[in-house]
Visitor: 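Got a structure here, written out as structure tokens. Questions coming.
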Amino acid sequence: MDYDFKSIESKWQARWAANKTFRVVEDPAKPKFYVLDMFPYPSGAGLHVGHPLGYIASDIFSRYKRLKGFNVLHPMGYDAFGLPAEQYAIQTGQHPEVTTEKNVARYREQLDRIGFSYDWDREVRTCDPAFYKWTQWAFLQMFDSWYDPSLDKARPISELVAKFETTGYEDVTPAQWKAASEKEKSDILMRYRIAYQGETSVNWCEGLGTVLANDEVKDGLSVRGGYPVEQKKMTQWQLRVSAYAGRLLDSLEKLDWSDSLKEMQRNWIGRSEGTEMVFNTLCDGRELPVTIFTTRADTIFGVTFMVLAPESDLVEALTAADHKAEVAEYLKYVKKKTERERIAETKTVTGVFSGSYGINPVTGEKVPIWISEYVLAGYGTGAIMAVPAHDSRDYAFAKKFNLPIVPVIEGADVSEQSVDAKEGVMCNSGFLNGMSVKQAIEAAKDYVEAKGIGRRKTNYRLRDAIFSRQRYWGEPFPICYKDGIPTPLPLSALPLRLPEIDSFKPSPDGEPPLARAKDWTWDGCPLEKSTMPGFAGSSAYYLRYMDPHNDSALVSREADEYWRNVDLYIGGTEHATGHLIYSRFWNKFLFDLGYVCEDEPFKKLINQGMIQGRSNFVYRIVGTNKFVSLGLKDQYETTEIHVDINIVRNDRLDLEAFRAWRPEFADAEFVLENGEYICGWAVEKMSKSMFNVVNPDVICDTYGADTLRLYEMFLGPLEQSKPWDTKGIDGVSRFLKKFWRLYTDRDGFAVTDEKATPAELKVLHRLIGKEQEDIENFSFNTTISAFMIAVNELSALDCRKREILEPLCVLLAPFAPHIAEELWEQLGHTESITNASFPTFNAAYTVEDSVTYPVQFNGKMRFTVDLPKSAASAEVEAAVRGMEQTAKWVGDQQIVKVVVVPGRIINIVVK
RNA sequence: GCCCUGAUGGCGGAAUUGGUAGACGCGCUGGACUCAAAAUCCAGUGGCCUUUAAAGCCGUGCGGGUUCGAUUCCCGCUUGGGGCACCA
């Protein structure tokens with residue numbers, strides 16, 4: 001009876017769907033386990049073989065955990081708002097919803113063929129109003145909250161209002177608050193709300209007609225589309241992510257994430273401990289205190305000038321009358337540069353003197369104030385004290401503009417470059433002289449605080465997230481403008497649905513597409529016209545899966561307390577500084593307000609590696625239509641041409657198929673070696689343009705889903721990037737056929753009820769132990785190797801015993817669920833193998849009797865062994881190559897005790 | 001420039017974390033079964049020396065070190081991949 005994967009796989013996929021085999025409900029009697037994949041954006045191109053890698057891994061783990069008795073939540077959905085569908089809509093006029101729907105259907109079809117154990121009853125789509133109701137709800141919660149630094153958590157804004165009314169808070173007194181107009185009160189509160197509207201320098205992308213978040217921009221170009229991005233001051237909705245910077249950083253500690261990912265987040269958050277110091281300044285005789293931020297308070301005696309960011313609000317006040325013209329010109333120059341040019345020209349030093357001076361608060365010295373683009377307005381205070389001797393950027397600036405350079409560390413040679421290292425002994429520094437740099441940093445901080453000229457300050461590089469997008473295909477803001485004041489809609493108004501519009505382009509006067517909607521108002525007031533960014537919907541989707549149909553809460557308390565947070569999250573590393581930061585922020589916010597019970601969303605996170613394509617090349621002799629085989633190409637001048645991998649097998653080109661591939665190759669001629677055309681190859685990104693895309697559907701057709709699943713895992717460690725090479729798939733395909741043959745013979749199913757032998761039990765239990773250990777460590781490739789060995793051994797033993805084959809079937813089920821289900825049914829089970837139990841490991845079956853032999857050390861780092869006559873001496877001697885580590889070898893005739901397990905060195909202990 | 005990560009046969013990758021390097025799979029070579037092919041099965045397969053075999057030597061990016069013993073630990077490099085980059 002042959003292994004007919006096609007009928008088996010379609011049979012079981014249909015049955016799983018019909019029986020809702022993977023439906024999961026909260027069950028307090030069982031321990032929970034939440035396994036989550038990063039949900040995909042359903043793009044038009046469909047899945048290639050690299051996409052399901054993480055899904056397969058999480059599916060194996062889910063199925064394994066179920067066998068281990070856990071109640072496993074393993075959902076899937078779609079991150080369905082986004083730019084590609086909208087761009088497509090602009091070009092074709094087709095509604096993004098239609099495109100999205102079509103792509104989702106295609107994704108679902110492809111996913112279903114691979115046999116995933118998702119509970120599809122819990123599917124979510126971010127573009128579904130029933131879903132984005134809760135995205136909008138969360139936004140309103142953030143609008144209605146502020147970050148209380150004394151409690152270090154978010155609190156209702158009403159508490160802040162109460163403070164204003166009674167005791168005052170920061171620079172607002174009760175009298176001022178009471179006197180303030182509605183508009184003024186709104187403006188004051190905007191400075192505190194978690195979701196707030198404010199003017200900020202944004203990444204404006206003309207090509208897309210919208211602003212972008214920092215993680216949506218790379219090298220001055222938009223990540224989607226690759227259009228240039230410029231800096232622009234605009235009023236935008238923002239999320240006060242920066243308030244959470246400290247907590248986001250500190251709780252990284254307790255997460256089970258890879259070091260590299262945590263490090264990326266640490267860098268992105270960028271904590272730096274320093275000092276804020278006030279320099280008094282003089283400009284045309286006026287005095288103005290200016291606060292600067294430095295991490296090197298110890299170098300205060302080396303300050304020779306100050307620098308302001310061109311965008312800083314201080315520039316105007318600190319530009320002397322006789323320098324207005326130069327400064328204005330410089331500002332104009334800076335403004336017209338795009339972000340991209342600024343990055344490209346990071347080596348060129350520019351700047352202008354403001355005509356004003358600062359007073360060093362420690363030395364009383366007067367230093368010039370400059371304006372330069374190397375100081376950023378958005379970080380610290382937008383103003384710095386410059387110490388050219390010990391900061392390379394200040395040094396470059398001082399050299400360019402001939403400013404003095406004063407070293408304050410003994411022996412520092414600053415004739416060629418600055419000495420940035422935080423080591424050495426201070427000099428030229430008054431009370432700091434003689435201290436090490438590390439001591440001096442602390443001493444200077446203490447001094448500054450004691451004298452009241454500054455204070456310790458921790459700065460973060462993490463900026464608030466810009467939350468407005470001038471696009472159509474996103475969540476509308478539940479905000480209207482009552483007399484120009486941003487006013488939240490009542491919760492009963494949610495979801496605020498996207499309006500129908502006739503074109504998806506920006507409006508003719510440059511407003512977002514929503515401006516085209518008829519009657520986009522609420523209660524007579526105009527509604528907000530921008531929409532939320534892509535990360536809005538993906539920030540809390542994992543919570544929604546816990547309780548996806550709840551219409552009265554994002555997630556009920558019961559569901560949240562049962563599922564708590566994600567135990568295992570699998571996805572790509574490209575979300576390190578976007579989604580994974582925003583989600584953590586979002587979750588902490590909901591935690592502060594008591595809506596969820598865990599303050600971190602994802603306990604363990606694994607980044608699956610990329611599967612790269614393996615491209616093939618042919619070599620065309622320049623100026624001809626002749627192609628030369630790889631080994632002979634050096635004899636000609638050739639151009640390398642990508643060739644479709646579907647017409648190449650084992651790097652041998654199918655000549656006929658090549659001629660048929662494209663009209664221009666129809667009369668191609670070949671220079672062959674040994675009668676064959678050998679193609680060159682390279683590992684590259686899998687993409688259509690390189691003709692190296694492998695479609696999982698094709699693999700499912702030719703080899704089956706179980707083979708695909710096994711092969712993707714067998715390829716190598718999950719977290720590593722590795723090339724796909726279809727020819728290796730035959731190995732796992734053969735394995736499954738052999739596995740099938742263990743249970744069947746020519747006539748059909750053939751399993752006996754005989755008692756298993758110790759040898760057979762040993763094979764089984766070694767595998768159980770190995771699989772258990774490997775799966776917990778996400779080392780799926782080694783499990784599969786162990787499986788291959790076990791199956792080969794059982795074949796050799798001709799073992800057809802139920803006592804062995806039944807547990808063996810369960811062991812395979814997480815990896816190759818279809819074949820396992822089929823055989824499980826053949827074994828007489830009526831329930832799905834999903835409900836079986838993982839076999840119990842019994843180490844006793846795997847251990848051999850150990851024998852003790854005396855051994856002598858002969859002085860040549862080699863051992864001879866005295867053996868009883870009964871022992872197979874060659875075997876034992878071959879086995880004894882190791883030595884117990886702690887043994888100290890003195891002399892050359894020492895007797896040791898050797899414990900030998902045949903074929904394996906176990907241990908050698910000094911007697 | 002800074003921070004993470006890797007580097008092992010023709011290829012993907014193993015190695016109980018200091019103890020027989022190259023498991024498992026692909027590919028390749030030879031053989032069996034076939035009229036033939038496919039499928040399947042068996043054997044071999046790191047390099048060098050050798051007619052063969054035995055034995056030996058060399059081998060985990062490079063150079064040192066620790067150790068009876070290093071792919072594994074330490075120091076110094078080379079190099080692939082990823083991230084950050086005027087963050088004071």
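In what follows, chains are A, B, ... by sequence order, proteins preceding strands, each numbered from 1. This structure is a prediction, so every number in the text was calculated from the model and none was measured.
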Visitor: Determine the interatomic distance between P on B:U20 and the same-named atom on B:C73; round to the nearest Å.
Guide: 16 Å
Visitor: Using the ring pair (Phe, Tyr, Trp, His ring centres under 6.0 Å) rule, take A:Phe841 and A:Tyr845 through it: C-alpha gap first, then chi angles, then the decisive distance, then the call.
Guide: CA-CA 9 Å; A:Phe841 174 59; A:Tyr845 290 120; 9.3 Å; no
Visitor: Using every non-hydrogen atom in the two residues, find where A:Leu812 and A:Leu736 come nearest and quote the distance to one decimal.
Guide: CD2-CD2, 4.1 Å
Visitor: Could you measure between the two C1' atoms, the one in B:U52 and the one in B:U16, and give it in whole Å?
Guide: 38 Å
Visitor: Can you check the distance between B:G69 and B:A21, where both ends of the measurement are the C1' atom (answer in whole Å)?
Guide: 14 Å
Visitor: Can you list the residues that meet the side-chain hydrogen bond (donor to acceptor under 3.5 Å, both in side chains) rule with A:Arg734, with sequence neighbours excluded?
Guide: none
Visitor: Just checking A:Lys770: base, sugar-phosphate only, or nothing, at a heavy-atom cut-off of under 4.0 Å?
Guide: nothing
Visitor: What residues, two or more places apart in sequence or in another chain, satisfy salt bridge (charged side-chain N to carboxylate O under 4.0 Å, His left out) together with A:Asp256?
Guide: A:Lys604
Visitor: List in chain and number order the residues that pass side-chain hydrogen bond (donor to acceptor under 3.5 Å, both in side chains) with A:Tyr703, two or more places apart in sequence or in another chain; answer none if no residue qualifies.
Guide: A:Asp730
Visitor: Rounding to the closest angstrom, what is the interatomic distance between B:C4 and B:A43 at atom C1'?
Guide: 46 Å
Visitor: Write down the protein N/O and nucleotide N/O pairs, taken from nucleotides 79-85 of chain B, whose separation is under 3.5 Å; answer none if there are no such pairs.
Guide:
| unit_1 | atom_1 | unit_2 | atom_2 | d |
| --- | --- | --- | --- | --- |
| B:C84 | O2' | A:Arg461 | NH2 | 2.7 |

Visitor: Please report the distance separating the C1' of B:G44 from the corresponding atom of B:C26, rounded so that it comes out in whole Å.
Guide: 16 Å
Visitor: Judged by modelled atom types alone, do A:Ser418 and A:Asp420 share a side-chain donor-acceptor pair under 3.5 Å?
Guide: yes
Visitor: Would you classify A:Ser260 as touching base, sugar-phosphate or nothing, given that sugar-phosphate means primed atoms plus P, OP1 and OP2, and contacts are heavy atoms under 4.0 Å?
Guide: sugar-phosphate
Visitor: Ignoring hydrogens, what is the shortest heavy-atom contact between A:Val375 and A:Gly382? Give both atom names and the distance.
Guide: CG1-O, 3.6 Å
Visitor: Check every atom of B:C41, B:A88, B:A39 against the side chain of A:Lys737 and return the nucleotide holding the closest atom.
Guide: B:A39
Visitor: Name the nucleic acid region contacted by A:Arg296, choosing base, sugar-phosphate or nothing; use a 4.0 angstrom heavy-atom cut-off, strictly under.
Guide: sugar-phosphate
Visitor: Does A:Asn792 have a side-chain nitrogen or oxygen under 4.0 Å from the phosphate oxygens OP1 or OP2 of B:C41?
Guide: no
Visitor: Between A:His579 and A:His575, what is the ring plane arrangement, given parallel below 30°, perpendicular above 60°, and tilted in between?
Guide: perpendicular
Visitor: Identify the two heavy atoms, one from A:Ile784 and one from A:Met713, that lie closest to each other, and give their separation to 0.1 Å.
Guide: CD1-CB, 3.7 Å
Visitor: Taking 4.0 Å as the cut-off, does a side-chain nitrogen or oxygen of A:Thr782 come that near to OP1 or OP2 on B:A23?
Guide: no
Visitor: Nearest of B:C24, B:U40, B:C86 to any side-chain atom of A:Ile789?
Guide: B:C24
Visitor: Identify, with sequence neighbours excluded, every residue that meets side-chain hydrogen bond (donor to acceptor under 3.5 Å, both in side chains) alongside A:Thr577.
Guide: none
Visitor: Please give, in whole Å, the distance from B:C86 C1' to A:Leu376 CG?
Guide: 6 Å
Visitor: Whole angstrom is fine here: how far is it from CD in A:Glu773 over to P in B:A15?
Guide: 10 Å
Visitor: Rounded to whole Å, please give me the gap between CD in A:Glu273 and P in B:A88.
Guide: 11 Å
Visitor: Using Watson-Crick and G-U wobble pairs whose two distances are both under 3.5 Å, how do you write the pairing of RNA chain B as dot-bracket, with | for links to another strand?
Guide: (((((((..(((......[....)))((((((.......))))))(((.......)))..(((((..]....))))))))))))....
Visitor: Assess whether atom CD of A:Glu776 is packed by more than 12 heavy atoms of other residues, nucleotides or ligands within 6.0 Å.
Guide: yes
Visitor: Does A:Tyr374 put a side-chain nitrogen or oxygen below 4.0 Å from OP1 or OP2 of B:A88?
Guide: no
Visitor: Just compare B:U5, B:G25, B:G27 and give me whichever is closest to any side-chain atom of A:Asp259.
Guide: B:U5
Visitor: Could you list all N or O pairs between the protein and nucleotides 31-33 of chain B that sit under 3.5 Å apart?
Guide:
none

Visitor: Report the distance from atom CZ of A:Phe735 to atom C1' of B:A23, rounded to the nearest whole Å.
Guide: 15 Å
Visitor: Name the closest nucleotide to the A:Arg734 side chain, picking from B:C41, B:C26, B:C3.
Guide: B:C26
Visitor: Provide, to the nearest angstrom, the distance between the CD atom belonging to A:Glu712 and the P atom belonging to B:G13.
Guide: 14 Å
Visitor: Using atom P of each nucleotide, how far apart are B:U60 and B:A70 to the nearest Å?
Guide: 11 Å
Visitor: How would you label the contact of A:Asn781 with the nucleic acid (heavy atoms, under 4.0 Å): base, sugar-phosphate, or nothing?
Guide: sugar-phosphate
Visitor: Under 3.5 Å, which protein N or O atoms sit close to an N or O of nucleotides 6-10 of chain B? Give each pair with its distance.
Guide:
none

Visitor: Which residues satisfy the side chain to side chain contact (heavy atoms under 4.5 Å, CB included) test with A:Lys738, sequence neighbours excluded?
Guide: A:Arg741, A:Val791, A:Asn792
Visitor: Among B:C41, B:A88, B:C4, which nucleotide sits nearest the side chain of A:Ile384?
Guide: B:A88
Visitor: Just verifying a value: how many Å separate A:Thr275 OG1 and A:Asp298 CG, rounded to the nearest 0.5 Å?
Guide: 9.0 Å
Visitor: Polar pairs (N or O, both sides) under 3.5 Å between protein and nucleotides 44-46 of chain B?
Guide:
none

Visitor: Give the C-alpha distance, both sets of side-chain angles, the deciding distance and a yes or no for ring pair (Phe, Tyr, Trp, His ring centres under 6.0 Å) between A:Tyr711 and A:Trp724.
Guide: CA-CA 10 Å; A:Tyr711 188 53; A:Trp724 176 272; 5.1 Å; yes
Visitor: On a whole-Å scale, what distance lies between the P atoms belonging to B:G65 and B:G1?
Guide: 29 Å
Visitor: What's the gap between B:G76 and B:A14 when it is taken at their P atoms, as a whole Å value?
Guide: 28 Å
Visitor: Of all the choices, B:C24, B:A39, B:A88, which nucleotide is nearest to the side chain of A:Phe714 once you look at every atom?
Guide: B:C24
Visitor: Strictly by salt bridge (Lys or Arg N to Asp or Glu O under 4.0 Å), give each pair with a member in residues 453-466 of chain A just once, sequence neighbours left out.
Guide: A:Glu276-A:Arg455, A:Glu276-A:Lys457, A:Glu442-A:Arg456, A:Asp446-A:Arg456, A:Glu449-A:Arg456
Visitor: Measure CD1/A:Ile678 against C1'/B:C28 and give the value in whole Å, please.
Guide: 13 Å
Visitor: Does atom NZ of A:Lys727 have more than 12 heavy-atom neighbours, drawn from other residues, nucleotides or ligands, at distances under 6.0 Å?
Guide: yes
Visitor: Quick one: list whatever passes side-chain hydrogen bond (donor to acceptor under 3.5 Å, both in side chains) with A:Gln720, sequence neighbours left out.
Guide: none
Visitor: When the distance from CD1 of A:Ile645 to P of B:C11 is rounded to whole Å, what number comes out?
Guide: 20 Å
Visitor: Phosphate oxygens OP1/OP2 of B:C41: is one of them under 4.0 Å from a side-chain N or O of A:Arg741?
Guide: yes
Visitor: In whole angstrom, give the distance that lies between atom CD1 of A:Ile611 and atom C1' of B:G13.
Guide: 14 Å
Visitor: Under a plain distance cut-off of 3.5 Å, with no hydrogens placed, do A:Ser779 and A:Asp774 share a side-chain donor-acceptor pair?
Guide: no
Visitor: Would you say A:Glu771 and A:Thr783 are linked by a side-chain donor-acceptor pair, where the criterion is simply a distance under 3.5 Å?
Guide: no
